[in-house]
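Reading through the structure tokens given below for one structure.
Keep in mind that what you see is a predicted model, and the values were worked out from it rather than measured. Residue numbers start from 1 in every chain, and the chains themselves are labelled A, B, ... in the order their sequence lines are given, proteins ahead of strands.
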Amino acid sequence: MSDLKRGLSEAVGAAFADLGLPAELARVTASDRPDLADFQSNGALAAAKRVGKNPREIATAVAGRLGADSRLAAVEVAGPGFINMKVTDGALSARATEIAADPRLGAEPVAVPRRVLIDYAGPNVAKPMHVGHLRSSIIGESLKRLYRFRGDTVLGDAHFGDWGYQMGLLIGAVTDERPAIGAVVEAANAAGVPPADISAFEAVSLADLDRLYPEAAARGKADTDYRDRARKITAALQAKQAGYYALWERFRDVTRVALERDFHALGVDFDLWKGESDVEDLIDPMVAELDAKGLLIDDQGARIIRVAREGDKRELPPLLVVSSEGSAMYGTTDLATILDRKQSFDPERVIYCVDQRQADHFEIVFRAAYLAGYAQEGQLEHVGFGTMNGADGKPFKTREGGVLKLGDMIEMTREKARERLHEVGLGESLPPAEFEAIAGKVAVAALKFADLQNFRGTSYVFDLDRFTSFEGKTGPYLLYQAVRVKSLLRRAADEGVAAGPVAVIKPAERDLVLTLDAFNSALVEAYDRCAPNAVAEHAYRLSQAFSKFYAACPILSAEPAVRASRLTLAATALAQLEQALDVLGIGVPERM
RNA sequence: GCGCCCUUAGCUCAACCGGAUAGAGCACCUGCCUUCUAAGCAGGCGGUUGCAGGUUCGAGUCCUGCAGGGCGCGCCA
């Protein structure tokens, strides 16, 4: 079951092959000139260039061979050699009926499913998430759903930043501030067994950690004695000394509870909560192995892997595996994580959904991984994204100039969603719990759609008023459209009206079916380019096409056969819209 | 200094391998609710795609240079 676009591509490709031209040039796309055609192929232009013939002649010959295709109502050659195709109402009706019956709503799965791991969000112990985590979470979640929907076996990993020097700093700061905790930790360290009673640890909250960490980090920079002490604690923690390790577990657990609350509110979830600590034990053997492979080079007291390649425009720095002080670095952990993933899941593709600014870092780590044989060239991909900016065009800050916590941003958006709902008097008759659930969905839709409608690589401006508006190209608008159809379908069910085969009559119906048919190519494009904005764009177009259809074509009051056809169209548009929104990580309420 | 990215309508953003008349939304203007949710629909206004060259039948897209903005450049993560 293929979409019209692909079906026509095959037909045009066959015509090309008949003429001795490369069939792969025969790509059919939605027409740029809907006034002239439904679909077009520019292949004759490309073929003409390749074989040195007149493009119009080729186009005319191809058009002649397409004339017999029963799906086509008209084939014309236009301009320098465009092949314009108009499909019959019958072909559209058949395609619509097909999509309506398809549990995948017209989307084809990938030909060869792969094992894919998506590394996103990247929260840290002791630090609440802030707006910087928003994009990674939203985009990564969407990619996970997109890949999964296309048929791959996908794991999402939060890649928890839970290890390293900052943990030593924090343990020092907490034990200093709370002697009772310090005493428990010291006793356990001395005894070499985990503390029996850790009730003292319960006094440590995420807010404490969040407050203490910046202070400790600043002091660590200024005060060498303090820094040395933190390093010693770090080393002891990494050696799993009982007291430190127990306190660290408390840090990790208290942080994770808060993180999961934020992720839940955002509609983001993970299959894996692997952290840096999980690969700690792999590091020493890995370093030994890298050494045995002859990849490690001593340089300025450190041990590095050189990753520069011929043809590089500039010299890429090496991967620093072991620092001059003997400790593992950021990149070392990343490399060990690649090894760990190979040994556990053996992914054929790993996507790192991380800020664009880390592009060099990942390039270095990936090259090292390829050299080490931990992954095959090209399997690792950094999917970078731009920043979310404030109205001033600079990375988003609160009015006070601070970093906005993700939880606060979500609550801010929910509050705005409640206001918006009240403004238009919606949902007020619903039970408070349902109203609150709707406000939550409106908020998530607002944030996610605002982000995902932009190509991930570019930065965008955060504007809550605009994002939460029910008018225009927004998440709430899409929810409204979906809910409106649900209401219609409920009414149809109440009246006992049944859906039936689609028969396209009006232009608005044609356009709606053409849009439904374009779902697959939107998914393919999003998949190939790791660009969920293609799906967001499709969801919006579908909503618009439905809305036009809804305004132009009465449904329940139409005569029975027309009514049955239109009900199928409405139900299919809704199902596909919900599926597209689901890929974006956006859920739709039943009513509003 | 070297490297990467960005600059498209008043504002916020699209534009798949180079293709026809560069698209949406917001804002502004004109119509349409006794009929399925008007949070909508129909229409209008708005562009020398930062600047200057080049390649091409054809350039927002490719190449060169310039201007402006952002980011990165081994012992933080």
Side-chain angles (χ1 to χ4, degrees), chain A residues 24-25 27 29 31-33 35-36 40 42 45-46 48-49 55 78-82 84 122 124 161 163-166 217 220-221 276 299-302 304 312-320 322-325 327 329-331 333-334 355-361 364 384 386-387 389 393-395 420-421 423-424 426 450 453-455 457-461 463 465-466 469-474 476-477 479-481 483-489 491-492 495 521-522 524-526 528-529 531 533-534 536-537 540-541 544 547-548 550-558 566 570 591-592:
Chain A
E24 70 272 12
L25 295 178
R27 206 170 59 107
T29 59
S31 178
D32 291 333
R33 296 286 305 272
D35 52 321
L36 299 179
Q40 67 183 58
N42 303 341
L45 296 163
K49 188 170 223 165
F82 300 110
N84 283 337
N124 293 304
W163 210 237
Y165 172 62
Q166 74 269 32
K221 271 185 192 157
E276 293 165 342
D299 190 78
Q300 297 169 39
I304 62 170
D312 285 351
K313 285 205 172 179
R314 83 195 153 94
E315 197 180 345
L316 209 57
L319 180 73
L320 215 162
V322 183
S323 77
S324 51
E325 295 189 349
S327 53
M329 307 299 294
Y330 175 37
T333 309
D334 280 348
D355 194 313
Q356 190 62 47
R357 287 177 289 203
Q358 307 223 21
D360 284 352
H361 167 73
I364 292 166
T387 54
N389 296 332
K394 302 209 164 129
R420 293 285 194 182
L421 289 165
E423 262 173 38
V424 291
L426 250 188
Q453 70 170 295
N454 305 316
F455 178 69
T458 57
S459 298
Y460 69 97
V461 174
D463 180 343
D465 286 327
R466 189 160 59 79
S469 172
F470 280 92
E471 290 169 20
K473 197 171 184 175
T474 68
Y477 163 88
L479 295 191
Y480 165 72
Q481 292 298 345
V483 166
R484 195 159 68 150
V485 191
K486 290 191 180 193
S487 168
L488 172 79
L489 295 178
R491 185 177 288 244
E495 294 178 10
S521 31
V524 170
E525 186 192 337
D528 290 345
R529 300 172 65 209
N533 67 310
E537 185 65 28
Y540 183 68
R541 283 198 190 149
Q544 269 189 326
S547 202
K548 287 173 188 183
Y550 184 82
C553 304
I555 299 169
L556 297 177
S557 61
R566 288 180 180 168
R591 52 181 181 172
M592 350 182 355

Regarding A:Arg357 and A:Thr387, is there a side-chain donor-to-acceptor distance under 3.5 Å anywhere?
-> no
Separation of atom CG in A:Asp32 from atom C1' in B:G18, rounded to whole Å = 13 Å
Identified side chain to side chain contact (heavy atoms under 4.5 Å, CB included) counterpart of A:Leu319 within the set A:Asp334, A:Ile304, A:Ile364 = A:Ile364
For nucleotides B:G43 and B:G3, find the distance between their C1' atoms and express it as a whole number of Å.
-> 50 Å
Protein-proximity profile, nucleotides 60-69 of chain B, B/S/- by nucleotide at the 4.0 Å heavy-atom cutoff, equals ----------
Searching all strands shown, indicate the nucleotide that pairs with B:G68 (Watson-Crick or G-U wobble; both distances under 3.5 Å).
-> B:C6
If a protein heavy atom is under 4.0 Å from the base, mark B; if only from the sugar-phosphate, S; if neither, -; do that for nucleotides 71-77 of chain B going 5' to 3'.
-> SS-BBSB
Name the nucleic acid region contacted by A:Asp355, choosing base, sugar-phosphate or nothing; use a 4.0 angstrom heavy-atom cut-off, strictly under.
-> nothing
Identify whether any heavy atom of A:Val483 sits under 4.0 Å from a base atom; if not, whether one sits that close to sugar-phosphate; answer base, sugar-phosphate or nothing.
-> base
What does B:C32 pair with, Watson-Crick or G-U, if both distances are under 3.5 Å?
-> B:G40
Compare the minimum distances between each of B:A20, B:A14, B:A38 and the side chain of A:Thr458, then state the nucleotide with the smallest one.
-> B:A14
Is there side-chain contact between A:Pro554 and A:Arg566, with at least one heavy-atom pair below 4.5 Å?
-> yes
Distance col, row A:Leu488:CG vs A:Tyr550:OH, nearest 0.5 angstrom, shows 6.0 Å
Given side chains that start at C-beta, do those of A:Asn42 and A:Phe82 come closer than 4.5 Å, heavy atoms only?
-> yes
Which label fits B:C33, syn or anti, where anti is any glycosidic angle not within 90° of 0?
-> syn
Assign A:Pro55 to base, sugar-phosphate, or nothing according to its heavy-atom contacts below 4.0 angstrom with the strands shown.
-> nothing
Indicate whether OP1 or OP2 belonging to B:C41 is found under 4.0 Å from a side-chain N or O atom of A:Tyr477.
-> yes
Taking for A:Ala551 and for A:Ser469 the nucleotide of RNA chain B with the nearest heavy atom, the one nearer the 5' end belongs to A:Ser469
Taking only N and O in the side chain of A:Ser547, is any of them less than 4.0 Å away from OP1 or OP2 of B:A42?
-> no
Touch check for A:Ser459, heavy atoms < 4.0 angstrom, all strands: base, sugar-phosphate only, or nothing?
-> sugar-phosphate
Which base sits across from B:G1 as a Watson-Crick or G-U pair, both distances under 3.5 Å?
-> B:C73
Just compare B:A24, B:C16, B:C41 and give me whichever is closest to any side-chain atom of A:Tyr540.
-> B:A24
Do A:Arg541 and A:Gln544 get their side chains close enough for a donor-acceptor pair, meaning under 3.5 Å?
-> no
Taking all non-hydrogen atoms of both residues into account, name the closest pair between A:Gln300 and A:Ser324 and its distance.
-> O-CB, 4.1 Å
Minimum-distance nucleotide (side-chain atoms of A:Glu471 versus B:A14, B:U37, B:G40) = B:G40
Within the modelled atom types, does a donor on one side and an acceptor on the other bring the side chain of A:Lys49 and the base of B:G19 under 3.5 Å apart?
-> no
Which is true for A:Ala78 with a 4.0 Å heavy-atom rule: it touches a base, it touches only sugar-phosphate, or it touches nothing?
-> base
Salt bridge present between A:Glu471 and A:Arg420 (N-O < 4.0 angstrom) = no
Does any N or O in the side chain of A:Gln481 come within less than 3.5 Å of the main-chain N or O of A:Ser547, such that one atom is a donor and the other an acceptor?
-> no
Does OP1 or OP2 of B:U37 have a side-chain N or O of A:Ser487 closer than 4.0 Å?
-> yes
Please check if the side chain of A:Arg591 supplies one atom and the backbone of A:Ser487 the other of a donor-acceptor pair under 3.5 Å.
-> no
Do any side-chain nitrogens or oxygens of A:Asn533 fall under 4.0 Å of OP1 or OP2 in B:C13?
-> no
Base-pairing assignment for B:G47 (Watson-Crick or G-U wobble, both under 3.5 Å) = none
Considering all heavy atoms, the nearest A:Gly472-A:Tyr540 contact = O-CE1, 4.0 Å
Between B:A42 and B:C5 - C1' atom distance, rounded Å | 41 Å
State whether the distance check finds a donor on one side and an acceptor on the other, under 3.5 Å, for side chain A:Gln40 versus base B:A20.
-> yes
Tell me whether A:Phe82 is stacked on the nucleobase of B:A20, counting only the six-membered base ring and applying the 5.5 Å and 30° thresholds.
-> yes
How is A:Asn84 classified with respect to the nucleic acid when contacts are heavy atoms under 4.0 Å: base, sugar-phosphate, or nothing?
-> base
Any strand, both distances under 3.5 Å, Watson-Crick or G-U wobble: B:G53 pairs with B:C63
Comparing A:Arg466 and A:Pro80 on RNA chain B - which has the more 5′ nearest nucleotide | A:Arg466
So do A:Arg529 and A:Phe455 actually touch side chain to side chain, heavy atoms under 4.5 Å?
-> yes
Does B:U12 have a Watson-Crick or wobble partner in any strand here, with both distances under 3.5 angstrom, and which is it?
-> B:A24
